[in-house]
Protein chains: 2
Amino acid sequence: MLTSRARSPAAGKALEQPDLRNIGVEQVLRALGEPVRLRIVRALACAEHPMSCGAFELGVSKSTSTHHFRVLRESGIISQYEEGTARYSELRTTELDERFPGLLRAILDAE
Amino acid sequence: MLTSRARSPAAGKALEQPDLRNIGVEQVLRALGEPVRLRIVRALACAEHPMSCGAFELGVSKSTSTHHFRVLRESGIISQYEEGTARYSELRTTELDERFPGLLRAILDAE
DNA sequence: TTCGTAGTACGACAAACGTCGTACAAGCCT
DNA sequence: AGGCTTGTACGACGTTTGTCGTACTACGAA
């Protein structure tokens, strides 16, 4: 399921991520229909650079945080790469918009 | 939570439905991130007239069907009104688009 | 080398969710 | 009236999901 590799803008080892062609819109909606994950995505959308997992104020434990980042990555919403002990995340904005035109924009604009 | 009444285009008693101002985008995403419910919404989007619950080929039992229609109604996505023994559903397209501009369109266009 | 930092993996647990069957209510038709 | 149709209500069930703690790995800094 996880096939290709994420591009790693600042070097570092990219984590496996799914091809967006294999992701259905239901999976994306399900992933984003969770408060913590939506907060992560909103934060990433505002950020200009990839963010390390620890840079978020999520109010959940480390393991829960890890869980949500994995769900987002496996749903094709974010890409991640490791650098040192940190794991950086960024939105797959372009690919997402190509696969589901207007969807991310509409969700981020909501509220 | 369920306050106002749905308009009933063809007469019939409208069921209570939430004010869209009280609905968050997460709730909508969660509701639509389920295959059966997304099928219902897609069918309603194609239909020109409200559809009775029995008009759908959902492949689930009657009680499961009832459950999904309620989730959609309580999430502000559909409105329902009763007429005789039937319960008709329609998308709250206009309100939804006002509350979450572009969201419904993007989801329906996906795939 | 030793310590601290960043994050994962695994197992546990409770709550939410999707599913169903049965029993029931209300309206239509003969 | 009686039966059929359409759909609900309720309770049960198994699964998924979100949460945590503990133990662990890997890297960087003192």
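What you see is a predicted model, and the numbers here were worked out from it, not measured in a lab. Throughout, a chain's letter reflects where its sequence line sits, starting with A, and its residues are numbered from 1.
Following rounding to the nearest Å, A:Glu16 (CD) and C:dT8 (P) show an atom-to-atom distance of 15 Å. Atom CD in A:Glu74 sits about 12 Å away from atom P in D:dG18, given to the nearest Å. Distance CD (B:Glu26) to P (C:dA16): 16 Å, rounded to an integer number of Å. Going from atom CE of A:Met51 over to atom C1' of C:dA6 covers 15 Å, rounded to whole Å. In this structure, CD of A:Glu83 is placed 18 Å from P of D:dA26, rounded to the nearest angstrom. For A:Tyr81 and C:dA6, the OH to P distance is 16 Å, given to the nearest whole Å. The separation between B:Glu34 atom CD and C:dC17 atom P is 11 Å, rounded to whole Å. The interatomic distance linking B:Leu58 (CG) with C:dC20 (P) rounds to 11 Å, in whole Å.
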So if I define the base as every atom that isn't primed, P, OP1 or OP2, how would nucleotides 4-9 of chain D read as a B/S/- string at a heavy-atom cutoff under 4.0 Å?
-BBBBB

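Residues B:Gly102 and B:Asp97 approach most closely at N-OD1, 3.3 Å, considering heavy atoms. Here the closest heavy-atom approach between residue B:Phe100 and residue B:Val28 is recorded as CE1-CG2, 3.7 Å. Contact record, B:Arg30 with A:Pro35: NH2-CD, 4.2 Å, taken as the closest heavy-atom pair.
Using modelled atom types, one side-chain atom of B:Glu34 and one backbone atom of B:Arg37 make a donor-acceptor pair closer than 3.5 Å.
Residues A:Val71 and A:Gly84 both approach DNA chain D. Their nearest nucleotides, taken by heavy-atom distance, put A:Val71 toward the 5′ side.
The pair B:Glu98-B:Arg92 does not meet the salt-bridge criterion, since no charged nitrogen lies less than 4.0 angstrom from a carboxylate oxygen.
Rounded to 10 degrees, the angle between the two end axes of the helix from C:dT1-D:dA30 to C:dT30-D:dA1 is 20°, with five pairs used at each end.
A side-chain donor from one of B:Gln80 and B:Arg73 sits under 3.5 Å from a side-chain acceptor of the other. Judged by distance alone, the side chains of B:Ser63 and B:Thr66 never bring a donor and an acceptor atom under 3.5 Å apart.
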For residues 39-57 of chain B, run the donor-acceptor check on the side chains, cut-off 3.5 Å, and write out each pair with its distance to 0.1 Å, sequence neighbours left out.
unit_1	atom_1	unit_2	atom_2	d
B:Arg39	NH2	B:Leu58	O	2.8
B:Arg42	NH1	B:Leu108	O	3.0

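Contact annotation for A:Val60: backbone-only contact, meaning every heavy-atom pair under 4.0 Å involves sugar-phosphate atoms and none involves a base.
Of the side-chain N and O atoms in B:Ser61, one or more sit less than 4.0 angstrom from OP1 or OP2 of C:dC20. Between A:Arg30 and D:dT17 there is a side-chain polar atom (N or O) within less than 4.0 angstrom of OP1 or OP2.
The shortest side-chain heavy-atom distance between A:Ser75 and A:Leu72 does not fall under the 4.5 Å cut-off.
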